[in-house]
Novice: 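Right, I'll just put the structure down here and ask away after.
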Amino acid sequence: MPESVRVRFAPSPTGHLHVGGARTALFNWLLARHDRGVYVLRIEDTDLSRSTEDYTRSLLEALRWLGLDWDEGPPTPGYRQTERFDIYRAHAERLLAAGKAYRCRCTPETLDALRKTAEARKETFRYPGTCREANVPASEPHALRLAIPREGETVVHDVIRGDVTVSHAELDDWILVRTDGTPTYNFCVVVDDVTMKITHVIRGNDHLSNTPKQVLCYEALGYPVPIFAHIPMILAADKTRLSKRHGATSVLAFRDLGILPEAMLNYLARLGWSHGDQEIFSREDLIAHFDLAHVGAADAVFDLEKFKWVNHQWIKRLPAERLARELGPFLERAGLPAPRDLAWLGRVVEPLRERARTLVEMAEQAAFYLKAPEAYDPQSTAKFWKEHAPERYALLIKRLEAQEAMDPEALEGLYRFLAADLGLKLVDLAQLTRIALTGKTASPPIFEVVSILGKAETLARLKAAAAAVGLAR
RNA sequence: GGCCCCAUCGUCUAGAGGCCUAGGACAUGGCCCUCUCAAGGCUAAAACACGGGUUCGAAUCCCGUUGGGGCCA
């Protein structure tokens, strides 16, 4: 019986979770959920100078928001590299004892000098193995290097890229443990993956170059090499690495822009992975269909327009109650008065869902439901506040005061009757009403608006508009 | 600079030698629908980087060139 899949996501808490990291997390999580395996979260905080507790919290918050729950990891102890130094030390000593690693006393100055010489001769610098046979005593300050085979080559079997072969002549006896006793990144990763029994290493393609030397380390340690899958990078529109200067890149920033977690997952999954022509995937769809075989090899450009389209699809699909709840904080942040209640907000959200691509947009569009217009759009009034506007407002007010049924159909009936009676088009009366209620000539269907606002509020706004036309004329 | 990876419409992608006069989606233009704005429907324009092979046949396989990305410095 094959052992079950164990995958991990191993972010460094040196910044917020960005979209590239989120997608790596997603692919790992999907493989685990698809294969009923185990998804491990490990915090790679060995870089003490750049890692912070705040970023760790932010990382966990982003993962939770996305719903990428981990089976093993914090807060359980032992899943942060800073808690694992003893483990690295033990493995380093094992390698040393087995003669697979050796002490090196070359100073940074010596190495710099060698590097400069190599550069001067236009050669690539590689550690020449000075200390390999020197038997440097433990009492002297020393780093620890992996003794790699001088001859031959190492082949990385990558699920996405096939076999990647690197000649040992290209590789160094790289440093496992620095002179100050701290283990290096590549060494920690190997030891962690080995001790956490990771079966599939799914990570960004930027790690492919480090993989041959890691493979050598697995072999020196005598452990089986995991299955590797180096997934393509996410690039900005200019095909360079995504960075702050390209705008929002962190998961939490997109959340604050009004992106739904469903949309984030959906869009990220479709960057580099596909399932025929399908564009919209729920979390369940992704789990059901995800496979490494359909992950592409080419880097992908992050396209905010398509991302917003996907978000819009999810805004259109979510139940009104959930949408209303998601919208709440955005209304508050926009400084709008609190809605009457969640059920009413659910009615407000209904016509907006096909007009708003983000929750921020939706909050803007919802503003007039919560607050009467403070001003009327000049272009709109210029077009519709003509000679007959005051008397038409007066008529609308009179007829609406007498109107009992406030459902959209009944209201439309009333308006159509009035328009016909006056020899007008429906649009004329509709736009006058729209300006009064929303301040503009663009809004959801006006009879729905009237219905949601209610009779009293509608009349109040019509009267305010009637007064304003009087002044304007 | 050395090594590694990658290469289908502007973008995300389908495509695993004949199903391809290359399909879908975003964005863009047009038309329809319509109380406005949307949404939706229909439609148009838009790609196999280039050059050699292999093969009866290549977007698909091989080599090279070019371009992009990554790692090491």
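We name chains A, B, ... by the order of the sequence lines, and we start the count at 1 in each one. As the structure is a computational prediction, the values presented were derived from the model and not from experiment.
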Novice: Identify which nucleotide among B:A39, B:U36, B:G69 has an atom closest to any side-chain atom of A:R434, counting heavy atoms from C-beta outward.
Specialist: B:U36
Novice: Summarise protein proximity over nucleotides 11-34 of chain B in one line of letters, 5' to 3': B for base, S for sugar-phosphate only, - for none, counting protein heavy atoms closer than 4.0 Å.
Specialist: SBSS--------BBBS--------
Novice: Roughly how far apart, to the nearest Å, are B:A49 and B:G10 at atom C1'?
Specialist: 15 Å
Novice: Using atom P in both nucleotides, what's the gap between B:G30 and B:A39 to the nearest angstrom?
Specialist: 15 Å
Novice: Taking everything shown except A:E151 itself, do over 12 heavy atoms lie less than 6.0 Å from its CD?
Specialist: no
Novice: Please tell me which of the listed nucleotides, B:C5, B:C37, B:C35, lies nearest to the side chain of A:A430?
Specialist: B:C35
Novice: Please state whether the base of B:C5 and the side chain of A:R161 form at least one donor-acceptor pair under 3.5 Å?
Specialist: no
Novice: Give a yes-or-no answer on whether the side chains of A:Y393 and A:W385 include a donor-acceptor pair shorter than 3.5 Å.
Specialist: yes
Novice: Examine B:C71: is either OP1 or OP2 under 4.0 Å from a nitrogen or oxygen in the side chain of A:R241? Give yes or no.
Specialist: yes
Novice: Determine: side-chain N/O of A:K316 to OP1/OP2 of B:A38, distance under 4.0 Å, yes or no.
Specialist: no
Novice: Distance only, no hydrogens: is a donor on one side chain within 3.5 Å (strictly under) of an acceptor on the other, for A:N205 and A:H230?
Specialist: no
Novice: To the nearest angstrom, how far is A:Y185 atom OH from B:C71 atom C1'?
Specialist: 12 Å
Novice: Let me know the distance between CD1 of A:I446 and C1' of B:A38, rounded to the nearest Å.
Specialist: 14 Å
Novice: Which word best sums up how the rings of A:Y267 and A:F307 line up, parallel for under 30°, tilted for 30 to 60°, or perpendicular for over 60°?
Specialist: parallel
Novice: Please list, pair by pair, any protein nitrogen or oxygen found under 3.5 Å from a nitrogen or oxygen in nucleotides 60-62 of chain B.
Specialist:
none

Novice: Rounding to the closest angstrom, what is the interatomic distance between B:G15 and B:U55 at atom P?
Specialist: 28 Å
Novice: Work out how far the C1' atom of B:C9 is from that of B:A45, and round it to whole angstrom.
Specialist: 10 Å
Novice: Provide the closest heavy-atom pair for A:A324 versus A:L345 in the form atom of the first, atom of the second, distance.
Specialist: O-CD2, 3.5 Å
